[in-house]
There are 2 protein chains.
Amino acid sequence: MENRLFDFISKYISLTEDEKSALLSLDLFRTVKKGTILLKEGQQSKESYFVLKGCIRTYYILDGEEKTTAFYTEMEALTPPCVINKTPSEYYVSCIEDSILLVSNSDTEAEMNSKFPKFELMCRKLSEELLAKERIDFDEFKTSSPEERYLNLLQKRPDLIQRVPQHQLASYLGIKPQSLSRLRARILEKDKR
Amino acid sequence: MENRLFDFISKYISLTEDEKSALLSLDLFRTVKKGTILLKEGQQSKESYFVLKGCIRTYYILDGEEKTTAFYTEMEALTPPCVINKTPSEYYVSCIEDSILLVSNSDTEAEMNSKFPKFELMCRKLSEELLAKERIDFDEFKTSSPEERYLNLLQKRPDLIQRVPQHQLASYLGIKPQSLSRLRARILEKDKR
DNA sequence: ATAACTCGTTCACTTAAGTTAAGTAATGAA
DNA sequence: TTCATTACTTAACTTAAGTGAACGAGTTAT
């Protein structure tokens, strides 16, 4: 697991052995059981998550209904907005598979960043990259229909369709579970012809 | 205009007079006429934009149709994904009002960042904040209907509805111009009752 | 001044998503 | 095992967005 982390980091900066052990000494790895809720609505957390193995999702409860808006899988990072804005969380984060996460605290992070300017650089690069990616994803969502979104997902993250319950996928695609069922039946019908 | 910039920066870091003049000496301000295209599809640009006054928009041309996905107005920043990923641009950026922009080059930026670690810090903070904001916007979009999105925009950015053509607003809301017209008529009808 | 465009709106029609309800299969707890 | 709950699908009906066409108002070009 440590190596998966260092491989990831090496895409942004190169670490000396000392820096690697400084990072490991923070003891950030955590194994989390499926179903664990990592963050609740209203909480004021300072934790960021990096998924080494497994899957976590973010969801809102609006009018008593769960609305899933994102999934984070292997080598993906989530810093909830409440951590950045220092406000109570608008949403929940839960673990939908037994997972291995790297859980960091924004205070510890700030400390690391000021001790090792390299980390600051990595954080900037990473968040710039994630911002660019998020905007592209948003643009694709805006410019396509539910059916196109589903087909697009099938291309880009086929694993998600296997590992995630349909009703969570549906709200991730911005539609109701019944519509997702129908839409898939429609596609199958087309394929047959 | 310089003061608007420094006020903005002061939300993230504090600058000495020397640093301020170092920044000004880069001569980044640019006045741009309405209609100017700042970035074209396929181009490999290194420019980022910060809007001091005016409005710019990003749009794709898909199947010969313009799809507007974002507007950036006063005190908002855009670094196109092609700058981050060093790939040809997927979209266009154009200026929809006479504007005053701060246009920076990613090479110059990198130089500033390494010369003044403070800038690096500001860039990290800013992009983390923008990422959090973008994710919230995306979540809101996913979890609401076109009508709700319009009403939401009316609350959050009432200026946009005034200054931007309807057909651009429509695709920004993920619908066709005809649907936006109808939707507005529907809302007016409801208000009357 | 006139013609050609663009923009916004409206209308009739089509298509697809939302809603409500029902049924079956799978999962979990007692 | 049985009972209860949850997940997924299907269907009938409603609602709203997409489509194609037409219109008037305002703009630009000739």
Side-chain angles (χ1 to χ4, degrees), chain A residues 33-37 55 57 59 61-68 71 92 94 96-98 141-154 160-193, chain B residues 33-35 37 55 57 59-68 71 92 94 96-98 141-154 160-193:
Chain A
K33 278 243 161 354
K34 172 176 175 169
T36 308
I37 294 184
C55 182
R57 74 171 172 128
Y59 62 97
I61 296 185
L62 304 174
D63 306 319
E65 256 192 304
E66 265 188 29
K67 303 274 187 174
T68 299
F71 299 101
Y92 296 78
S94 89
I96 64 173
E97 293 174 2
D98 291 344
F141 192 94
K142 262 186 194 166
T143 57
S144 53
S145 66
E147 184 169 328
E148 288 167 333
R149 280 174 219 151
Y150 176 77
L151 292 171
N152 194 23
L153 193 66
L154 211 53
L160 268 194
I161 292 169
Q162 302 308 318
R163 62 207 285 200
V164 161
Q166 298 291 312
H167 65 280
Q168 290 176 12
L169 262 188
S171 59
Y172 180 68
L173 295 170
I175 57 176
K176 303 284 165 188
Q178 297 92 319
S179 298
L180 178 56
S181 261
R182 179 170 40 196
L183 179 161
R184 299 178 67 189
R186 200 166 61 219
I187 291 171
L188 279 175
E189 203 48 45
K190 279 183 200 164
D191 282 352
K192 248 186 270 175
R193 276 182 280 131
Chain B
K33 278 243 160 357
K34 172 176 175 170
I37 294 185
C55 181
R57 73 171 172 130
Y59 62 97
Y60 296 75
I61 295 184
L62 304 175
D63 305 320
E65 256 191 306
E66 266 190 29
K67 303 274 186 175
T68 298
F71 300 100
Y92 296 77
S94 89
I96 63 173
E97 292 174 3
D98 290 343
F141 193 94
K142 262 185 194 169
T143 57
S144 52
S145 66
E147 184 169 328
E148 289 167 333
R149 279 174 219 151
Y150 176 76
L151 292 171
N152 194 25
L153 193 66
L154 211 52
L160 268 193
I161 293 169
Q162 303 308 317
R163 62 208 283 200
V164 161
Q166 297 292 311
H167 65 280
Q168 290 175 13
L169 262 188
S171 60
Y172 179 68
L173 294 170
I175 57 177
K176 302 285 164 188
Q178 296 93 318
S179 298
L180 178 55
S181 262
R182 178 170 41 198
L183 178 161
R184 299 179 68 188
R186 200 165 60 220
I187 291 170
L188 279 176
E189 203 48 46
K190 279 183 199 163
D191 282 352
K192 249 186 274 177
R193 275 182 282 132

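Chain identifiers are assigned alphabetically (A, B, ...) following the order of the sequence lines, protein sequences preceding nucleic acid strands; residue numbering begins at 1 within each chain.
Across the protein-nucleic acid pair, B:Gln178 atom CD and C:dC13 atom P stand 17 Å apart, rounded to whole Å. Distance, A:Arg184 CZ to C:dA16 C1': 18 Å, rounded to whole Å. The CD atom of A:Glu148 sits 14 Å away from the C1' atom of C:dT15 (whole-angstrom rounding). Straight-line distance from the CG atom of A:Leu180 to the P atom of C:dG18: 11 Å, rounded to whole Å. In this structure, B:Arg186 atom CZ and D:dT15 atom C1' are separated by 9 Å, rounded to whole Å. Taking atom OH on B:Tyr150 and atom C1' on C:dG8, their separation rounds to 13 Å, with Å as the unit. Note: CD (B:Gln166) to P (D:dG26) measures 16 Å, nearest angstrom. Rounded to whole Å, the distance from CG on A:Leu183 to P on D:dT9 is 11 Å.
In this structure, A:Arg184 does not pair ionically with A:Glu189, as no charged nitrogen and carboxylate oxygen lie closer than 4.0 Å. We find that B:Glu66 and B:Arg57 are joined by a salt bridge, their nearest charged nitrogen and carboxylate oxygen being less than 4.0 Å apart.
Within the 4.0 angstrom heavy-atom criterion, only backbone atoms of the sugar-phosphate kind lie near B:Pro165; the bases stay farther away.
Heavy-atom distances to DNA chain C give each of B:Arg182 and B:His167 a nearest nucleotide, and the one nearer the 5′ end belongs to B:His167.
A cation-pi arrangement is found for A:Arg149 relative to A:Phe141, the charged atom lying closer than 6.0 Å to the ring centre and inside a 45° cone about the ring normal.
Atom CZ of B:Phe71 is separated from atom CZ of B:Arg163 by 10.5 Å, given to the nearest 0.5 angstrom.
Here C:dT10 is the nucleotide among D:dT10, D:dT9, C:dT10 with the atom lying nearest to any side-chain atom of B:Ser181.
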